[in-house]
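This report refers to the structure that appears directly beneath it.
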Amino acid sequence: MTMPTATPQTFEFQAEIKQLLDIVIHSLYTEKEIFVRELVSNASDSLEKMRHLSVTEKSVFDDKLELEINITTDDKAKTFTIQDFGIGMTQAELVENLGTIAHSGSKAFVKALGEGDQKAAGLIGQFGVGFYSAFMVAKSVKVYTHSWRESEPGLVWTSNGAGSFTIEDSPGERRGCKIVVELKDECSEFSQDWRIREIIEKYSAFVSFPINLNGKRVNTVQALWLRSKSEIKEEDYDEFYKFQSHDSEKPLLRLHFSADAPLSINALLFVPRHNTERLGLSRLEPSVALYCRKVLIDSRPKDLLPEWLRFLKGVVDSEDLPLNISRETMQDRSLVEKLNRVITKRFIKFLDEESVNHPVEYLDFYREFGVFLKEGAALDFTHKDALTKLLRFDSSLTEKGKSTSLADYVSRMGADQKEIYYLVGPNRESIEAGPYLEGFKARNLEVLFCYETVDEYVMNNVREFDGKKLTAADHADVKLSDQPKVEGGLGEAETQALVAALKETLGERVSDVRASTRLVDSPALALNSDKFGSPHMRRIMKAMNKDGAKEPVRVDLEINPAHAVMKHLSSLLVSSPEKARLVAEQVLDNALISAGLLDDASAMVKRLYKILETA
Ligand code: ADP
Ligand code: MG
């Protein structure tokens, strides 16, 4: 038993303390509000210790108390008070725990429990500086306490954080600690009920013991991610999701998992129902929160997940993280990187399983969020291959509303097919109606359909799958096998003459004219061989007003010698050269329209009326 202390005893803080206090107060934490989190965590730790002790100890002081945390604010007196009915402290413990900055009582306690029980202890504090964060906001701090040991006296520890503290008797204390923070004038916000509620909800919403603020319970949602899946009901998950992500709808997908190696991780991840970026709202911010033992470290950690996973919501909790270190000072980057790698891999695996086990749901997911997977496939080198497998496309062989993976496409490829073909266009109808598909259809070659502006870029970056090159079907370089000649078309000589006439008439507007191997039903098509890549890319450049796109477009024109329009044009060359010129120009413009390359339609409209006059 410690001798009763009649008059206040003064103690000097440990030698290094002034310096350390200075660091804690001025630079360790970026936000003052953190002190609430730290004091709540300490109270929770103390209650956790009490829970353990009550199992083994027969006699405990004041043993009818609830294991709860009571916080009160007084905006007149400008104080913040936090009381727990935990284990409290003896005089020796006050000196040791609150007089020595680098000492962590919690750490010693965990050690005493023995290695095996470490997790059971569920303790938050590990680093022994949290308590001192109170001095960021305090003029003075008083710790009223009574140890769980019957024979110890009630005590009060007092300090203004400036180098020394006092301890004196304080008869009549309850078990545990009551910490009264007398706030600095500029920190009076922390004596406001609403402000403290906000902070507790932000950082300490999942602490296992009840937290009452001015008599009202604040934390009502459980830290679901730490419980075993089998005991969690669907509604619990939904409720948790809505609470945590501020969404009013249920989530679309959920992944709850834990891992022990290489890091201890408990994660609960959700995909929301809607992709708000797609709705034109602003770019999503990372919003999977990072916790250490139920206590928030960072609600928007930037590097926890790759950029393309910014649509995920939920929680990652790792015991291996240093809680007390704020995000700017988070030194152990490599720890976060490791977390990133493990979680990302696990989530990709989850999607892969979903795509096999629940293909319909996977497609629903893909329609909303596929664009993020594409972004990852195009930009995230580490996960590129895994993500490419997850991509889905409409194709010339899938029914409307169905889609295919690249692996399935490859499995359908004929023996001679070397490349994977795709076409970019606004929708299925317009691609099917355009001239580009016919040649592939006639040869039974499957073509993937891409509808999004980013697809061009994605396909270019992904480049290949399973050793097969991804090739735009409307690119001039694509060579298709010979088809049997259609009866009744123009002969070789007539075709040559027509090609030559077109070259001459169209002049600068074309870089080449030739008889096509890919046309079946259409008279002509325009192929882009220039530096803008595809028509789609050109449209994007134009929208962005890149200089190059202002130059008039030059295309390769391919004609279909079997088509009635070409046969007619061929005869006009002799009978009515003036009319032939109009038709030739019009054929090119029509091809440009199909390709989405006609920049200005006014000349075309004028010409069309001229043609109509003679019709
Ligand atoms: P940590 O929590 O990382 O150990 P702190 O600086 O937050 O470091 O606290 C230092 C020590 O003070 C704790 O380890 C604990 O032994 C003691 N302590 C702080 N708050 C309380 C409390 N409310 N009840 C009992 N002991 C406490
Ligand atoms: Mg602590």
Side-chain angles (χ1 to χ4, degrees), residues 11 13-14 16-17 20-21 23-25 28-29 34-54 60-62 65 67-71 80-113 118 121-136 138 141-149 152 154-159 161 165 167 173-181 203-204 207 209 211 292-297 319 321-326:
F11 299 82
F13 280 117
Q14 202 185 11
E16 306 92 331
I17 243 169
L20 278 169
L21 261 171
I23 296 174
V24 172
I25 295 171
L28 185 62
Y29 301 103
I34 285 284
F35 90 94
V36 177
R37 178 188 81 176
E38 293 301 326
L39 296 186
V40 168
S41 298
N42 285 350
S44 168
D45 282 353
S46 177
L47 291 167
E48 190 72 47
K49 289 169 190 167
M50 195 59 235
R51 182 147 72 191
H52 281 266
L53 284 173
S54 60
V60 169
F61 176 72
D62 218 358
L65 292 171
L67 295 185
E68 64 182 19
I69 300 167
N70 292 304
I71 297 175
F80 166 93
T81 304
I82 175 168
Q83 175 167 41
D84 67 73
F85 299 133
I87 58 168
M89 281 179 271
T90 64
Q91 172 161 336
E93 284 164 348
L94 279 173
V95 173
E96 169 133 313
N97 297 339
L98 304 186
T100 321
I101 270 193
H103 178 85
S104 168
S106 297
K107 220 169 182 173
F109 185 84
V110 174
K111 238 192 182 144
L113 268 178
Q118 271 213 17
L123 304 172
I124 301 161
Q126 291 271 301
F127 302 91
V129 287
F131 173 78
Y132 293 94
S133 62
F135 288 104
M136 293 190 293
V141 176
K142 283 182 180 297
V143 181
Y144 299 90
T145 183
H146 194 298
S147 163
W148 65 275
R149 295 168 204 270
E152 293 292 330
L155 297 166
V156 55
W157 178 102
T158 309
S159 178
F165 58 90
I167 298 177
E173 295 304 332
R174 319 284 329 245
R175 190 192 70 222
C177 278
K178 184 173 82 183
I179 300 174
V180 181
V181 179
Y203 294 99
S204 311
V207 164
F209 300 98
I211 303 175
C292 170
R293 298 156 195 257
K294 300 187 196 170
V295 174
L296 183 74
I297 294 181
E319 295 181 8
L321 288 165
L323 170 74
N324 293 38
I325 306 303
S326 60

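Hydrogens, waters and symmetry mates are skipped; everything else that's a heavy atom, side chains included, is used. Whatever order the structure lists them in is the order used to number ligands and atoms, beginning at 1.
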Please identify which atoms of ligand 1 are closer than 4.0 Å to at least one heavy atom of [X].
X	result
Cys177	22 (C), 23 (N), 24 (N)
Gly130	5 (P), 6 (O), 7 (O)
Asp84	22 (C), 23 (N)

Task: Heavy-atom gap Met89 to ligand 1 smaller than 4.0 Å - done: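 True for this residue.
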Looking at ligand 1, does any of its N/O atoms fall within less than 3.5 Å of an N/O of [X]?
X	value
Asp45	no
Glu38	no
Tyr132	no
Phe131	yes

Does the Thr90 side chain pair with the main chain of Ser147, one donor and one acceptor, at a distance under 3.5 Å?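 Flag not set: sc Thr90 to bb Ser147 has no pair under 3.5 Å.
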Item to complete: Counting heavy atoms only, name the option from Ile82, Asn42, Thr145, Ile179 that's nearest to atom 2 (O) of ligand 1.
Response: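 Shortest heavy-atom distance from atom 2 (O) of ligand 1: Asn42.
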Which is closest to atom 24 (N) of ligand 1 in terms of heavy atoms, Gly176, Ser46, Gly99, Gly88?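 Residue with the shortest heavy-atom distance to the ligand atom: Ser46.
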Where does Leu98 meet ligand 1, judged by heavy-atom distances below 4.0 Å: at the side chain, the backbone, both, or neither?
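Near ligand 1, Leu98 shows its side chain, while the N, CA, C and O stay back.
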Nearest non-hydrogen partners of Ser204 and Ile211, listed with the distance: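 Nearest pair, atom of Ser204 first, then Ile211: O-CD1, 3.8 Å.
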Exercise. N/O/S atom of Ser41 under 2.8 Å from the Mg ion (ligand 2), yes or no?
Worked result: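 So Ser41 does not bind the Mg ion (ligand 2) by this criterion.
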**Request:** Anything under 30° is parallel, anything over 60° is perpendicular, the rest tilted; go ahead and classify Phe13 against Tyr132.
**Result:**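 Answer is perpendicular, since the angle exceeds 60°.
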Ring-plane angle category for Phe35 and Phe80, please: parallel below 30°, perpendicular beyond 60°, tilted otherwise.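 Because their plane-to-plane angle is over 60°, the rings of Phe35 and Phe80 count as perpendicular.
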Kindly indicate whether the side chain of [X], heavy atoms from C-beta on, has any atom under 4.5 Å from the side chain of [Y].
X	Y	result
Leu94	Leu155	yes
Tyr144	Gln83	no
Ile87	Met50	yes

Hey, what do you get for CD (Glu152) to NE2 (His146), rounding to the nearest 0.5 Å?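 The distance works out to 7.5 Å.
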